[in-house]
Amino acid sequence: MATDCKDYNFKEIEAYWQKQWDAQKTFHAEDFSEKPKYFLMDMFPYPSGAGLHAGHAENYTASDILGRYKVARGFNVLHPMGWDAFGLPAEQYAIKTGTHPAVTTLKNIDHFREQTKRMGIAIDWDREINTTDPDYYRWTQWLFLQLFKHGLAFADHRPVNWCPALGTVLANEEVIDGKSEVGGHLVERRNLKQWVLRITRYADKLLKGLDKVDWPESTKTQQTNWIGRSVGAEVSFKLKGLEESLTIYTTRPDTLFGATYMVVAPEHPLVGKLTSSEQKEAVEAYIAKAAAKSDLDRTDLAKEKTGVFTGSYAINPVNGAEIPVWVADYVLISYGTGAIMAVPAHDDRDHEFATTFNIPIIRVIEKKDAKGNDIPLPFTDIGTMVNSGPFNGLSSDEAKRQIIEKLEAEKVGHAAVNYKLRDWLFSRQRYWGEPFPIVWVSEEAYAKVLQLNGAVAKGSPEGGVCMSNDEGVMEYALPISEGSLPLRLPEIEDYNPSGTGESALANATEWVQIWFNLKTGDAISRTSEKPEGDEWVAARRETNTMPQWAGSCWYYLRYCDPRNTQALIDPKVEAYWGAPDFYIGGAEHAVLHLLYARFWHQFLFDIGVVTTEEPFPKLFHQGIILGEMEYVLFKDSDGKAISADTVGSNFEGERVNLQESDVIKKGDFFFWKEDESIRVDARAYKMSKSRGNVINPDDVIERYGADSMRTYIMFMGPLEDSKPWSSSGIEGPARFIRRFWRLMTDDSGTLSSKISDTAPESGDVKKALHETIKKVSEDMETLSYNTAIAQMMILLKALQNADSFSSATARAFVQLLAPFAPHIAEELWSRLDGKGSVAYAPWPEYDASILVSDEVKLGILINGKPRGEILVSKKATQDEVIELAQKIERVQANIEGKTIRKVVYVPGKILNIVAN
RNA sequence: GCCCAGGUGGCGGAAUUGGCAGACGCGCUGGAUUUAGGAUCCAGUACCUUCGGGUGUAAGGGUUCGACCCCCUUCCUGGGUACCA
């Protein structure tokens, strides 16, 4: 049944079909269907109060089109949606208003779901998930318990941004120039008890797995760089007058002869011993200063190298040279061994440092430029060895090998691999996150756990996880029983952090203070009587919560089996759906989300929960939709227009937004029409509230309808490109949709009289249709939606110009358009007596025989310049073609009096005659 | 700085195993229709031109019968990253 709209009333039509899809569960994905499965997934959104933005609309429309196409192709499509709903904004709102974050979150989710439906996105809503739902996060907690059990989670003191004035820990983005974003209070670094995941154990697997996935190259590169595997050597330098030696890591053992000094990080454990009495004061002052700097400051002030001589000397193992040991903060304690050999000739940073402090610079690698001159220092590439004793003349690569061999033989060094990747700080001092299913007990209690050897012992890693508390007493972390999951967030009155650096959970005494069973892992509040039995002890719950990444690391699995109460996912279901066949989302998650999720997935593979090695075999990033193009005229304080190229970044005058018609382009730049010597700044900016250039999908749907919005967003350009929104540009696709309606219907809302199965259909119409089927089908596979739409516009024109066309042609066209504009397609499909939902109608096939034509247009070129064209058979011989070509006047004129030197004939494409 | 992606009409873009650059759309110009229109329809629209033609894909060079496409150099824009030895 269709609506009874006479004209194109998109509001009525879209609302009607959305209701139908909901009621009929049109997009239900069936487990174990015999159809081939297609698991299509979007990066799920954080349901913010602001609602969906243009980027979401682009993302979901793109995947929706692919999903609808796959349904028409006979696939059992799983296209789910969910909510990454833990996060700071809801907590901050709770602190301000006292509203429980869950309340705010559910309200926002309702809004997001409504908006998604209003865009006509085909989702199986029965599989909706929400990371803040205890039935969901119990499995996040379960997963953490597995990581814990396998020794991949440990506790450590790690620095956070602590703001004493606010009594809270701040996220990096809440700290600006060392001050809190709110209130501008001083922020300091403070070590807190934190959870850390050993992602570094998976560094190699994460690197190797990238070879197996079909991802954008740039994303793979980013992950590769982030993991930052480097191969080099660890070398021990004897220290003059000290027992200890100093071990360094270098990727360039070939430059060992060029080491003229050494540097240790200010935090290096040997600094004290290295420091001579004369240098003590200077070194200690330097270390104190370095400690006061945050990581950010240390890099901010990186422009000038600083450091202090320790007074000690090291001995270069390859040539016995004595070289000074410095302490400098350009060496980081967290990478390698926290100490380096400095080779100023062949490292930019060492060169800068050596120049600043007048340290000798010795060239040990030689390379000549094109003119035969030495390439100036610092030269960081590889070349030929010089000043390196027995290794002179070797290539860098060969020297690396031989020097490592020599070091190994002399037991002063060995080949070594290092990673930039750090272990993952996995805790936050917040309320609105998953509670850790962990309790802390005393050392004696831990001993008893081993003795009892119950579920608690079996769920713990070998050696346990322990950590000294503020009083210096050792405490042990133990897992709560899997049966007691989910460990729910307690209801609290005040969402403010405890003020001690712990989350608000620390104040929920009844929740935190528990009796814990050392055998079973069960717990009850200490407000109750201590149960019988000496396996029950007093314990304290972990008060950190998990970061937002936790829920998003494995959500794709839960879509397959969202209501399972026995397991994270049923192995049979996992075997059917496997990993998502297609994953679409923004490139901003190229590193962290995608790396963390891969880590968990590889772990789940190792413990047998999943059967695939990688979670996202195919990944696609949609580009960013920018705000509208802006033409900005600058005016100085006197209101006088000034040219954009004279304006610095500290411009303080007035910015005037001009219309496109107010500017003129000359060369590469735009100028003001009123005074063409004034250059105008022309560009599109990222959408942002502060800039006021945000396009709200709701407004667009209100004015044009979802079908037109979807078609426009896909028509804007290649999906992966970033492109500016244009409020006039949408008129094109919107007109196309309206014309499509008028092509199929007449004024009274009945089918157009042009649609006839008795009148003959012209060859041109047939050809246009089949060309379109071919083009659209091909473009679907590559997500080239912009050109698919362009081709449908051509078909529309052809049908408008035709006297009549068949209902079969009309239905095929409706089907082609259906993934893009599903509502109007359903409506017209229904009116064209199509069976069922157009979504399930088998995708039209093109008839290749209609498209092949023997006659082709052949371009005739003289000396590479187009001079005419002829219609010939594809199989025409070169001689036939030349004869025909020579009959063309312009061709004659261009070869007259010249000798033909060469002829290049590409059948079906061009004929190029070279003559002079 | 380094890494990645990209520069094509006034605008969004199309065309690549190297073969007639500018499909499709916006905007603009002119026309039709309408009481009116931010509706609809038709035509034109890269630039220059002495109307023969010439020039054009960020700039310069190279390879080729032929280059938006391949190679080298430079410039610009966007994204990522921040002393990782």
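Predicted, not measured: the structure shown is a model, and the values here were computed from it. All chains are named by letter (A, B, ...) in the order of the sequence lines, taking the proteins before the strands, and each is independently numbered beginning at 1.
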Colleague: Could you measure between the two C1' atoms, the one in B/A46 and the one in B/A23, and give it in whole Å?
Modeller: 14 Å
Colleague: Check every atom of B/G27, B/C83, B/A85 against the side chain of A/Asp329 and return the nucleotide holding the closest atom.
Modeller: B/C83
Colleague: Rounding to the closest angstrom, what is the interatomic distance between B/A59 and B/U77 at atom C1'?
Modeller: 15 Å
Colleague: Mind checking if A/Gly729 touches a base, just sugar-phosphate, or nothing, with heavy atoms under 4.0 Å?
Modeller: sugar-phosphate
Colleague: Is the closest side-chain heavy-atom distance between A/Asp662 and A/Tyr631 below 4.5 Å?
Modeller: no
Colleague: What is the base-pairing partner of B/G18, counting Watson-Crick and G-U wobble geometry with both distances under 3.5 Å?
Modeller: none
Colleague: Could you measure between the two C1' atoms, the one in B/U29 and the one in B/G78, and give it in whole Å?
Modeller: 35 Å
Colleague: Please name the nucleotide paired to B/A23 by Watson-Crick or G-U wobble geometry with both distances under 3.5 Å, or report none.
Modeller: none
Colleague: Mind checking the C1' distance from B/G12 to B/G22? Whole angstroms is fine.
Modeller: 13 Å
Colleague: What's the gap between B/G25 and B/U45 when it is taken at their P atoms, as a whole Å value?
Modeller: 14 Å
Colleague: Atom CD of A/Gln223 to atom C1' of B/C4: distance rounded to whole Å?
Modeller: 14 Å
Colleague: Name the closest nucleotide to the A/Arg867 side chain, picking from B/G54, B/C11, B/C3.
Modeller: B/G54
Colleague: Answer with base, sugar-phosphate or nothing: what part of the nucleic acid does A/Arg901 contact at a heavy-atom distance below 4.0 Å?
Modeller: nothing
Colleague: Can you tell which of B/C3, B/C83, B/U81 lies closest to the side chain of A/Thr221?
Modeller: B/C3
Colleague: At 4.0 Å (heavy atoms only), tell me whether A/Pro718 reaches a base, stays on the sugar-phosphate, or touches nothing.
Modeller: sugar-phosphate
Colleague: Hunt down the Watson-Crick or G-U wobble partner of B/U63, both distances under 3.5 Å, from any strand shown, or write none.
Modeller: none
Colleague: Is the shortest side-chain heavy-atom distance between A/Ile737 and A/Tyr704 below 4.5 Å?
Modeller: no
Colleague: Can you tell me if the side-chain N/O atoms of A/Lys902 get under 4.0 Å from OP1 or OP2 in B/C65?
Modeller: yes
Colleague: What nucleotide among B/U81, B/G80, B/A23 has an atom nearest to a side-chain atom of A/Trp226?
Modeller: B/U81
Colleague: Of the nucleotides B/A85, B/C24, B/C20, which has the atom closest to the A/Phe715 side chain?
Modeller: B/C24
Colleague: Any heavy-atom pair between the side chains of A/Lys723 and A/Glu58 that's under 4.5 Å?
Modeller: yes
Colleague: When the C1' atoms of B/U40 and B/U34 are considered, how many whole Å apart are they?
Modeller: 9 Å
Colleague: Can you work out whether A/Gly859 or A/Arg683 has the more 5'-proximal nearest nucleotide on RNA chain B?
Modeller: A/Gly859
Colleague: Any side-chain N or O of A/Asn786 under 4.0 Å from OP1/OP2 of B/A14?
Modeller: yes
Colleague: Rounded to whole angstrom, note down the P distance from B/G13 over to B/A21.
Modeller: 23 Å
Colleague: Send over the distance from A/Trp741 CH2 to B/C41 C1', rounded to a whole Å.
Modeller: 20 Å
Colleague: Return no unless some side-chain N or O of A/Arg738 is found under 4.0 Å from OP1 or OP2 of B/A39.
Modeller: no
Colleague: Can you measure from CZ (A/Arg710) to CD1 (A/Ile65) and round to the nearest 0.5 angstrom?
Modeller: 5.5 Å
Colleague: The side chain of A/Lys797 is closest to which nucleotide in this list: B/A15, B/A85, B/C42?
Modeller: B/C42
Colleague: Give one of base, sugar-phosphate or nothing for A/Ile248, where a contact means two heavy atoms less than 4.0 Å apart.
Modeller: nothing
Colleague: Output the single nucleotide from B/C83, B/G19, B/G27 whose closest atom is nearest the side chain of A/Lys909.
Modeller: B/G19
Colleague: Name the pairing partner of B/U34, where a pair is Watson-Crick or G-U wobble with both distances under 3.5 Å, or state none.
Modeller: none
Colleague: Base, sugar-phosphate alone, or nothing: which one does A/Arg229 contact when heavy atoms must sit under 4.0 Å apart?
Modeller: nothing
Colleague: Using OP1 and OP2 only, check whether a side-chain N or O of A/Arg739 sits under 4.0 Å from B/C41.
Modeller: yes
Colleague: How many whole angstroms separate atom CD1 of A/Ile794 from atom C1' of B/C24?
Modeller: 6 Å
Colleague: Give A/Asn912 one of three labels, base, sugar-phosphate or nothing, depending on what nucleic acid heavy atoms sit under 4.0 Å from its own.
Modeller: base
Colleague: Touch check for A/Lys420, heavy atoms < 4.0 angstrom, all strands: base, sugar-phosphate only, or nothing?
Modeller: base
Colleague: My understanding is that a pair needs two contacts under 3.5 Å, Watson-Crick or G-U wobble. By that rule, which nucleotide pairs with B/G9?
Modeller: none
Colleague: Mapping A/Met793 and A/Ile340 onto RNA chain B by nearest heavy atom, which one lands closer to the 5' end?
Modeller: A/Met793
Colleague: Taking the side chain of A/Ser728 as heavy atoms from C-beta outward, which of B/A85, B/G27, B/C4 is closest to it?
Modeller: B/G27
Colleague: So which nucleotide from B/A85, B/G19, B/G12 ends up closest to the side chain of A/Met716?
Modeller: B/G12
Colleague: Is the glycosidic torsion of B/G62 within 90° of 0, making it syn, or is it anti?
Modeller: anti
Colleague: CE of A/Met629 versus P of B/G13: gap in Å, rounded?
Modeller: 9 Å
Colleague: Under the 3.5 angstrom rule, does the side chain of A/Asp350 hit a backbone N or O of A/Val343 as a donor-acceptor pair?
Modeller: yes
Colleague: Can you confirm whether the side chains of A/Asp423 and A/Thr200 place a donor and an acceptor under 3.5 Å from each other?
Modeller: yes
Colleague: Any base atoms under 4.0 Å from A/Val906, or only sugar-phosphate, or nothing? Heavy atoms, all strands.
Modeller: base
Colleague: Using modelled atom types and a 3.5 Å cut-off, is there a donor and acceptor pairing between side-chain atoms of A/His621 and backbone atoms of A/Pro216?
Modeller: no
Colleague: Let's see if you can work this out: which of B/C11, B/C3, B/C4 has an atom nearest to the side-chain heavy atoms of A/Asn225?
Modeller: B/C3
Colleague: Parallel, tilted or perpendicular: which describes the rings of A/Tyr330 and A/Phe353, with under 30° parallel and over 60° perpendicular?
Modeller: tilted
Colleague: For A/Asn657, is the CG atom crowded, meaning more than 12 foreign heavy atoms sit under 6.0 Å from it?
Modeller: yes
Colleague: Using the glycosidic torsion, which applies to B/G52: syn (within 90° of 0) or anti (everything else)?
Modeller: syn
Colleague: Tell which nucleotide pairs with B/G1, taking only Watson-Crick or G-U wobble pairs whose two distances are both under 3.5 angstrom.
Modeller: B/U81
Colleague: Would you classify A/Tyr419 as touching base, sugar-phosphate or nothing, given that sugar-phosphate means primed atoms plus P, OP1 and OP2, and contacts are heavy atoms under 4.0 Å?
Modeller: nothing
Colleague: Just the rounded figure in Å: distance from P of B/G6 to CD1 of A/Ile624.
Modeller: 15 Å
Colleague: Roughly how many Å is it from CD in A/Glu628 to C1' in B/G10, rounded to a whole number?
Modeller: 15 Å
Colleague: Is the phosphate of B/C24, meaning OP1 or OP2, less than 4.0 Å from a side-chain N or O of A/Lys775?
Modeller: no
Colleague: Under a 3.5 Å cut-off for both distances, is B/A43 Watson-Crick or wobble paired, and to whom?
Modeller: B/U29
Colleague: What about A/Lys865, does its side chain sit under 3.5 Å from the base of B/C20 through a donor-acceptor pair?
Modeller: no
Colleague: If we ignore hydrogens and angles and just use 3.5 Å, is the side chain of A/Lys400 paired with the main-chain N or O of A/Gly232 as donor and acceptor?
Modeller: no
Colleague: Nearest-Å distance, CD (A/Glu778) to P (B/A15)?
Modeller: 12 Å
Colleague: For the C1' atoms, the ones on B/G66 and on B/G62, what distance do you get once it is rounded to whole angstrom?
Modeller: 15 Å
Colleague: Under 4.0 angstrom, heavy atoms only, what part of the nucleic acid is A/Ser230 near: base, sugar-phosphate, or nothing?
Modeller: sugar-phosphate
